[in-house]
2 protein chains.
Amino acid sequence: MTETPRQRQHRQTMADILQYAHQQLATEGSAGLSLRAIARELGLVSSAIYRYVPSRDDLLTLLIEESYNAFGDAVEAAETRCHRDDLGRRWLAIGRAVRRWAVANPAEWALLYGSPVPGYHAPPERTTAAGSRVPILLLTVLAEANLEPSPDDPPMTAALHRELDRLRPAFPGDLKPEVFARGLLAFSSLCGLVSLELFGQFTNTVTQFPAHLDHQLIRLGAVLGLPDPD
Amino acid sequence: MTETPRQRQHRQTMADILQYAHQQLATEGSAGLSLRAIARELGLVSSAIYRYVPSRDDLLTLLIEESYNAFGDAVEAAETRCHRDDLGRRWLAIGRAVRRWAVANPAEWALLYGSPVPGYHAPPERTTAAGSRVPILLLTVLAEANLEPSPDDPPMTAALHRELDRLRPAFPGDLKPEVFARGLLAFSSLCGLVSLELFGQFTNTVTQFPAHLDHQLIRLGAVLGLPDPD
DNA sequence: CAACAAGAGAGAGCGGTGCTCTCGCAAAGC
DNA sequence: GCTTTGCGAGAGCACCGCTCTCTCTTGTTG
């Protein structure tokens, strides 16, 4: 089942397209992504690109999936390096890795967590699996922490209960709905923190704030109910 | 100093352009905003638009400023309706108003808090004043609450102290740096919550979560150090 | 080995975009 | 009444996504 030269060449061109697309994403932003420019770069005429990619939107979908996976890889790798017992540290590592990856790949972050792209409407469900990796990692940490609901937790609606039941198979242990909700809040907060920094909401005002991310993460860890890292 | 018919007609056309631009923003998204389409709508030839707007980017800047102000108006109005003494309620009103406005004006929200637009690079400083209205409102509430630093607050760096001193004239009362940092975290979290909902990160997974915004807001209020609303 | 099928790339072309330039004409100011 | 100002029209440039047709190479099959 070895691949023919033709298949190999096709695969290589496809990889070149994706590689240059990422590069273009970084320099021009998601809206500047141009199939014609990619074709030019590869020494192809513009129409030839369509042998590889059905449309610009499909290319974007591929990029989104790749980015989600690169993002998930980076965060999971960082989390894995922590002692399993130090749950506060694992959360801190997740938060730090999220920001680090975002700062290193701002265009990709914008693609994943920024406003939906130009005319691009349906981030198809294929991407949701890849997109769930980081939130699921966070929830896994919470599940392992075996946190209990606290009196501060707001009451859960039946609808939210049902949705959690659907997701429960995704992570081990016993995640209480209240803790699940805390986790979503923490993940949202983290995204907000990173996005505001990256999208320039802090420029000219509180440029030093993002440097305090560790402190904010620890504070959010407290909201989660996790202990401070050792 | 009455305006000439010519000035009046110019002003009217300008208003028409902005009005239709907002409309197009809502239907097509920020990347779909087209000067030619606006010109067509107004019965003008495409080049005539440039008598009113120097470039597409400048039009976007105008839209951003208008949107920030509409956003600020909506949130300030909601906050004003609360009893001055009920600080928890005022924070809750701010959070609710932010989400309500965002849900009602998703394209504008994306313009303000989503990824920076296509090729559009410099959200010039004119917009920062308008863009600061809501965060400043939130910080004003915190200032009026006369909150004290708590042992849970992380230590503040000198740099963050300096930045706060620069901003201090913007709100009344005596806002401690630690409380200032809490406010920024809360605002970031709120933006993250709203953006994840609007940009579809919750679709197919936890669609019911945003409905719990009130609870999340109260939880964030606790992080802020504000009392529960009456 | 020869005939055939499949696929890659080229090229022209359609309708769309932002933006520039020039030209004519009408209104405003003197 | 004359001049200046400025609005709108029109043509045009370079770019975009995407489609269609054609050619030529490659790989498969009888």
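The figures that follow rest on heavy atoms only: side chains count, while hydrogens, waters and symmetry mates do not.
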[X] [atom1] - [N] [atom2] separation (whole Å):
X	N	atom1	atom2	result
B:Arg11	D:dG6	CZ	C1'	18 Å
A:Arg8	D:dG27	CZ	C1'	18 Å
A:Leu42	C:dA10	CG	C1'	15 Å
B:Met14	D:dC7	CE	C1'	15 Å
A:Arg40	D:dC15	CZ	P	7 Å
A:Asp58	D:dG17	CG	C1'	13 Å
A:Leu35	D:dC18	CG	P	6 Å
A:Ile49	C:dG11	CD1	P	16 Å

(Q) Any donor-acceptor pair under 3.5 Å linking the side-chain atoms of A:Asp16 with those of A:Thr13? (A)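 Checked: A:Thr13/A:Asp16 side chains show no N/O donor-acceptor pair below 3.5 Å.
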Any side-chain N or O of [X] below 4.0 angstrom from OP1/OP2 of [N]?
X	N	answer
B:Tyr52	D:dC7	no
B:Gln9	D:dG8	yes
B:Arg6	D:dG8	no
A:Arg56	D:dG17	yes
A:Ser47	C:dA10	no
B:His10	D:dC7	yes
B:Arg36	D:dC16	no
A:Ser34	D:dC15	no

State which of C:dG9, C:dG18, D:dG8 makes the closest approach to the side chain of A:Leu44.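 The nucleotide sitting nearest to the side chain is C:dG9.
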When you get a sec, tell me which of C:dC19, D:dG17, D:dG8 is the closest nucleotide to the side chain of A:Tyr50?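 Comparing C:dC19, D:dG17, D:dG8 against the side chain of A:Tyr50, the answer is D:dG17.
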inquiry  = When you compare the side chain of A:Val194 with that of A:Tyr113, does any pair of heavy atoms fall below 4.5 Å?
reply    =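 They are not in contact (no side-chain heavy atoms under 4.5 Å apart), so the answer is no.
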- Message: With a 4.5 Å cut-off on side-chain heavy atoms, are B:Ser195 and A:Phe199 touching?
- Response: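 Sidechains of B:Ser195 and A:Phe199: no contact.
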What contact category does B:Ser46 fall into here, base, sugar-phosphate, or nothing, at under 4.0 angstrom with non-hydrogen atoms?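 Counting heavy atoms under 4.0 Å across all strands, the contact made by B:Ser46 includes a base.
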- prompt: Contact class for A:Leu33 vs. all strands (heavy atom < 4.0 Å): base, sugar-phosphate, or nothing?
  reply: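 Sugar-phosphate only.
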Between A:Gln24 and A:Gly32 (side chain of the first, backbone of the second, donor and acceptor by atom type, cut-off under 3.5 Å), is there such a pair?
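Checking the backbone N and O of A:Gly32 against the side chain of A:Gln24, a donor-acceptor pair under 3.5 Å is found.
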Query raised in the report: Donor-acceptor pair, B:Asn105 side chain versus B:Trp101 backbone, under 3.5 Å?
Result: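 Such a contact is found between B:Asn105 side chain and B:Trp101 backbone.
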- request: Starting from the 5' end of DNA chain C, give me the residue, B:Ser55 or B:Arg51, whose nearest nucleotide shows up first.
  value: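 Closer to the 5' end of DNA chain C: B:Ser55.
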Show me, pair by pair, the donor-acceptor contacts under 3.5 angstrom made by side chains of residues 66-73 of chain B, not counting sequence neighbours?
unit_1  : atom_1 : unit_2   : atom_2 : d
B:Glu66 : OE1    : B:His22  : ND1    : 3.3
B:Ser67 : OG     : B:Leu63  : O      : 2.8
B:Tyr68 : OH     : A:Gln201 : NE2    : 2.8
B:Asn69 : OD1    : B:Arg133 : NH1    : 2.9
B:Asn69 : ND2    : B:Glu65  : O      : 3.4
B:Asp73 : OD1    : B:Arg133 : NH1    : 3.4
B:Asp73 : OD1    : B:Arg133 : NH2    : 2.7

